[in-house]
Amino acid sequence: QVQLVESGGGLVQAGGSLRLSCAASGSTFSSYTLGWFRQAPGKEREFVAAISESGANTGYSDLVKGRFTISRDNAKNTVWLQMNSLKPEDTATFYCAARNGYLYYARGASYKYWGQGTQVTVSS
C-alpha cells in the first residue's frame, strides 16, 4: 500500500508557473507508475500526465503537452508536476495517483491509490 500527499497548489496568474509535489510513503515507491489527474468543478476527472516506474517513460494529455513536465525521484519518494504557461482552463483540483504497470496509463480507473488533491487556480 502507498499513501500519497500532494502539495504546491495555489493561485497564479495566467502565463505563470507552479510546481506540484506528491510525496509517497508506505510500500515501494519505485514499483509504481505515477500519474497526475485533475478535476474542475462540474467536469469529469481527466488525465494530465504519467511517468513509469523508472522514470524512463512519460505520457501527457494533449491539453498540457509542451507546457507541463512530470518527473520523479525514487530516492526521495516524490513525483513532481512542473506547470508552465498556465491558462485559466487549467484551474482544477489536481490529484496524484499510483498504479502497477505502465500500460494504459491514462485510465484513471486503473489507478489504485490516490492523494487528497491540491487546488490550482489560474486567474485571467
Side-chain angles (χ1 to χ4, degrees):
Q1 191 170 3
V2 63
Q3 294 78 43
L4 304 169
V5 179
E6 304 94 336
S7 61
L11 174 64
V12 64
Q13 288 188 331
S17 298
L18 280 176
R19 190 190 195 200
L20 304 184
S21 299
C22 175
S25 61
S27 188
T28 307
F29 180 77
S30 61
S31 67
Y32 294 99
T33 285
L34 276 299
W36 285 98
F37 292 78
R38 67 186 182 185
Q39 187 168 20
K43 295 187 177 181
E44 293 186 355
R45 181 183 63 197
E46 64 178 4
F47 167 75
V48 175
I51 188 166
S52 61
E53 293 87 335
S54 68
N57 297 296
T58 57
Y60 296 92
S61 161
D62 287 343
L63 295 174
V64 307
K65 196 173 296 182
R67 299 189 296 124
F68 292 9
T69 303
I70 189 171
S71 60
R72 68 188 293 167
D73 186 334
N74 287 340
K76 296 181 178 179
N77 282 12
T78 302
V79 60
W80 296 275
L81 184 69
Q82 177 66 44
M83 306 187 295
N84 299 327
S85 303
L86 283 162
K87 304 175 182 180
E89 51 264 43
D90 293 318
T91 295
T93 300
F94 281 70
Y95 298 90
C96 174
R99 54 164 286 182
N100 294 114
Y102 188 64
L103 195 62
Y104 305 121
Y105 57 77
R107 293 183 180 177
S110 68
Y111 286 76
K112 186 173 183 180
Y113 304 107
W114 291 82
Q116 84 289 348
T118 185
Q119 177 67 37
V120 171
T121 303
V122 184
S123 64
S124 57

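Just so you know, residue 1 is the first one in the sequence shown, and it goes up from there.
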Strictly distance-based, threshold 3.5 Å: is any side-chain N or O of Gln116 a donor or acceptor partner for the main-chain N or O of Val5? no
Any chance you could measure Thr91, atom OG1, to Leu11, atom CG, to the nearest 0.5 Å? 8.5 Å
Euclidean distance, Asn77 CG relative to Gln3 CD, rounded to 0.5 Å: 11.0 Å
Pairwise side-chain contact, Glu6 with Leu20, heavy-atom cut-off 4.5 Å (strictly under): no
Please list, chain by chain and in numerical order, all residues satisfying side-chain hydrogen bond (donor to acceptor under 3.5 Å, both in side chains) with Thr58, sequence neighbours excluded. none
Contact summary for Ala49 and Leu81, nearest pair of heavy atoms: CB-CD1, 4.1 Å
Hey, any chance Leu63 and Val48 share a hydrophobic cluster, counting ILVMFWY side chains that come within less than 4.5 Å of each other, even indirectly? yes
Give the minimum heavy-atom separation between Leu4 and Ala24, together with the two atoms involved. CD2-CB, 3.7 Å
Please report the interatomic distance OG(Ser31) to CG(Asn100), rounded to the nearest 0.5 Å. 6.0 Å
Can you tell me how far the OG1 atom of Thr78 sits from the CZ atom of Phe29, to the nearest 0.5 Å? 6.0 Å
Check: Arg99/Ser110 side-chain N/O donor and acceptor closer than 3.5 Å: yes
Evaluate the side-chain proximity of Asp90 to Arg67: yes if any heavy-atom separation is below 4.5 Å, no if none is. yes
Tell me, which pairs form a ring pair (Phe, Tyr, Trp, His ring centres under 6.0 Å) where one or both residues lie in residues 54-99, sequence neighbours left out? none
Nearest atoms (heavy-atom pairs only) where Val2 meets Ala98: CG1-CB, 4.1 Å
How would you list all residue pairs meeting side-chain hydrogen bond (donor to acceptor under 3.5 Å, both in side chains) that involve residues 9-20, not counting sequence neighbours? Ser17-Asn84
Quick note, disulfide (SG to SG under 2.5 Å) partners involving residues 66-109, not counting sequence neighbours, are Cys22-Cys96
Lys76: partners by side-chain hydrogen bond (donor to acceptor under 3.5 Å, both in side chains), with sequence neighbours left out: none
Closest non-hydrogen atom pair between Ser124 and Ala14, with its separation: CA-CB, 4.4 Å
Donor-acceptor check, side chain of Thr118 to backbone of Ser7, threshold 3.5 angstrom: yes or no? no
Contact list for residues 105-124, test ring pair (Phe, Tyr, Trp, His ring centres under 6.0 Å), sequence neighbours left out: Tyr32-Tyr113, Phe37-Tyr111, Phe37-Trp114, Phe47-Tyr105, Tyr102-Tyr105
To the nearest 0.5 Å, what is the distance between CG on Leu34 and CD1 on Ile70? 6.5 Å
Quick check: do Val120 and Arg38 have side-chain heavy atoms less than 4.5 Å from each other? no
How long is the gap from CG on Asn74 to OG on Ser30, to the nearest 0.5 Å? 5.0 Å
